[in-house]
Structure formats: structure tokens, C-alpha cells
Amino acid sequence: HPFVFLSCQTAFVVDEVSTIIKESVEGAIGGNAYQHSRVNQWTTNVVEQSLSQLSKLGKPFKYIVTCVIMQKNGAGLQTASSCFWDNTTDGSCTVRWENKSMYCIVSVFGLAI
Amino acid sequence: MEEISGEEVLNISVCVVVSNLSILQCIQSIIGEESYRQDTVNQWTAKIVEQALTLLVKQTKSYKYIVSCAVMQKSGAGLHTANSCYWDTVTDGSCTVKWENRTMYCVVSVFAVSLTP
């Protein structure tokens, strides 16, 4: 159906974005244990790689990517976000990833231009 | 006496829109006197992002806003955050505010995306 095809080309598709994030996180920190000296570089790599892949989708969106990496030691972490945007065109996606030594939470916000 | 610390990175284009002091006051009013509690922290983060968003929208509606907040218990664990944005660097901007007391850290980021091209 032509209308559905068109909206897929210009819509914020959560599954598509989620796959990109998971690949970026795996690529940046998969197989690593938390290291204070490297975590700065890792968060940078995750957001930059995610953003690069998102912009390659070629959709008419501005993107904001946030990444939090926390060492596992029993501390509690809570995150929240709120948005003032266009409900019909804009969207977000949050991916939670973990291994034995750390948590990684990545959020993407897509704002239609 | 609880310790308050605030640092911000402000983009010039949102200087007039985002007042980091009002965000700090917003955080202070919600969790300033509190100690980290597992059963209420989700209510705190929800209140912080809602109130911060309300403050911003009151100032000006010519932006789309995203407010994100992280509250972490102080226990010696390392926490690192990063943001990257694909937008118009002339009209759009962000601001990050860091706050702490004896038992927890709070980091609030505001992203403002211009509605006028």
C-alpha cells in the first residue's frame, strides 16, 4: 500500500532504531569488563556510532542520543525523560544492556524536521 | 547542611531559553532533603522531568524539548554519561546540570530543538 510505504520511509521506527543501538553497544563494549580508565571512550563510541548509523537512514529527523554506563556494585540507578514534541511524528527508543560488570542504558530521541 | 553542586554546559542559542538555576532549584525542591530510597526514586525522577519540562515550556514554546534525568545512589560505583546530537548547531542546543547530596547524584540534561527553521 503506497501510503504505508511512504510513512515507513519518513517515520521513527522503533525496531529499526533499537537494532542500531544494540549493534553500537555490542561493538563498543561487548566482551569488556568495567574499567574506569576506558569508560569515557566507551560512552563516546556508543553515542557516535549510534548517531552515525541513524543519520545514514536518511530520514528527515534530528536525533539526540544519550548513553549512561554504570558499574555494577549494588547501587541503585533510576532514569526518566519527558518530551515536549509532536506526538504524531516524533519518537524515542531506550535500550538497556548489561554484562557481568556494568549496565549500559542508551536512549534515542527522533524529532521530525 | 547538604552540599549542592551545579555545573552546566550551555549552548549560546539556548542561553535565553534554559535557566540552569531554575533546574537546580527544581531538583532541590524535589529531592534536596531526601536520602536515596529504592521505593520512591521512580516518583522523584518522574517529578523532576515533568517540572523541568513545565518550566521550559512556560519560558518559550518555540522549541521542542527533551528532558532526561538520572538519579544514582552513592556507593562508590562509577557512572559515566554521554550525549551526541544530530541537529542544527545554530538554532538547537543543550544544557546538562549535575547535582548531589550526601546519598545520591542527580544529572539532568535538557535538549532544545528549534521549531522555526
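Here the structure is a predicted model, which is why all the values come from computation and not from measurement. Convention: sequence-line order gives letters A, B, ...; per-chain numbering from 1.
- Listed options Tyr34(A), Tyr103(A), Trp42(A) were ranked by heavy-atom pairs under 4.5 angstrom with chain B; first place goes to Tyr34(A).
- Of the listed residues (Ser92(A), Cys83(A), Ser107(A), Ser50(A)), the one with the most heavy-atom contacts under 4.5 Å to chain B is Cys83(A).
- By the 6.0 Å contact criterion, NZ on Lys47(B) is open, its count of non-hydrogen atoms from other residues, nucleotides or ligands being 12 or less.
- Salt-bridge annotation for Asp90(A) and Lys64(B): present, with a side-chain N of the basic residue lying under 4.0 Å from a carboxylate O of the acidic one.
- Note on Ile29(A) and Met70(A): separate hydrophobic clusters, where clusters join Ile, Leu, Val, Met, Phe, Trp and Tyr whose side-chain heavy atoms are under 4.5 Å apart, directly or indirectly.
- In the hydrophobic cluster analysis, where Ile, Leu, Val, Met, Phe, Trp and Tyr join through side-chain heavy atoms closer than 4.5 angstrom, Val106(A) is grouped apart from Val107(B).
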Take Tyr86(B) and Leu54(A) through the side chain to side chain contact (heavy atoms under 4.5 Å, CB included) test and state the conclusion after the steps. CA-CA 9 Å; Tyr86(B) 181 75; Leu54(A) 287 164; over 6 Å; no

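- Per-residue counts of heavy-atom pairs under 4.5 Å with chain A were compared for Ala70(B), Ser68(B), Ala77(B); the largest is that of Ala77(B).
- Atom CZ of Phe109(A) sits about 7.0 Å away from atom CZ of Phe111(B), to the nearest 0.5 Å.
- The SG atom of Cys104(A) lies 12.5 Å from the NE2 atom of His80(B); values are rounded to the nearest 0.5 Å.
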What do the steps show when you test Phe84(A) against Ile66(B) for side chain to side chain contact (heavy atoms under 4.5 Å, CB included), and what is the final call? CA-CA 6 Å; Phe84(A) 179 73; Ile66(B) 289 155; over 6 Å; no

Residues Val68(A), Leu79(B); criterion side chain to side chain contact (heavy atoms under 4.5 Å, CB included); working and verdict: CA-CA 7 Å; Val68(A) 174; Leu79(B) 177 77; 3.3 Å; yes

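- Between Asp88(B) and Lys62(A) there is no salt bridge, since none of the side-chain N atoms of the basic residue sits less than 4.0 Å from a carboxylate O of the acidic one.
- Distance alone, capped at 3.5 Å, is enough to place a donor-acceptor pair between the Ser84(B) side chain and the Val47(A) backbone.
- A continuous path of hydrophobic side-chain contacts links Val39(A) to Ile21(A) [ILVMFWY only; heavy atoms under 4.5 Å].
- Most heavy-atom pairs under 4.5 Å with chain B, from the set Asp86(A), Leu51(A), Ile105(A), Leu111(A): that is Leu51(A).
- Contact of Val71(B) with chain A is made through backbone and side chain together, with heavy-atom distances under 4.5 Å.
- Hydrophobic cluster membership differs between Ile113(A) and Leu115(B), with clusters built from Ile, Leu, Val, Met, Phe, Trp and Tyr side chains linked at under 4.5 angstrom.
- For the pair Thr79(A) (side chain) and Cys69(B) (backbone), a donor-acceptor distance under 3.5 Å is absent.
- From Ile48(B), atom CD1 reaches atom OG of Ser81(A) across 13.0 Å, with rounding to the nearest 0.5 Å.
- Residue Asp92(B) holds its CG atom at 8.0 Å from CD1 of Ile64(A), rounded to the nearest 0.5 Å.
- Placement of Leu57(A) and Val108(A) within a single hydrophobic cluster is found when ILVMFWY residues are connected by side-chain heavy-atom separations under 4.5 Å, directly or transitively.
- Within the model, atoms CD of Gln78(A) and OG1 of Thr40(B) stand 10.0 Å from one another, a figure rounded to the nearest 0.5 Å.
- Only the backbone of Phe61(A) comes within contact range of chain B, with heavy atoms under 4.5 Å apart.
- Contact detail for Val49(B) and Ser82(A): the closest heavy-atom pair is O-OG, 2.9 Å.
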Run Cys85(B) and Val65(A) through side chain to side chain contact (heavy atoms under 4.5 Å, CB included) and show every step you take. CA-CA 6 Å; Cys85(B) 308; Val65(A) 182; over 6 Å; no

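- To the nearest 0.5 Å, the span separating CG on Leu77(A) from OG on Ser75(B) amounts to 10.5 Å.
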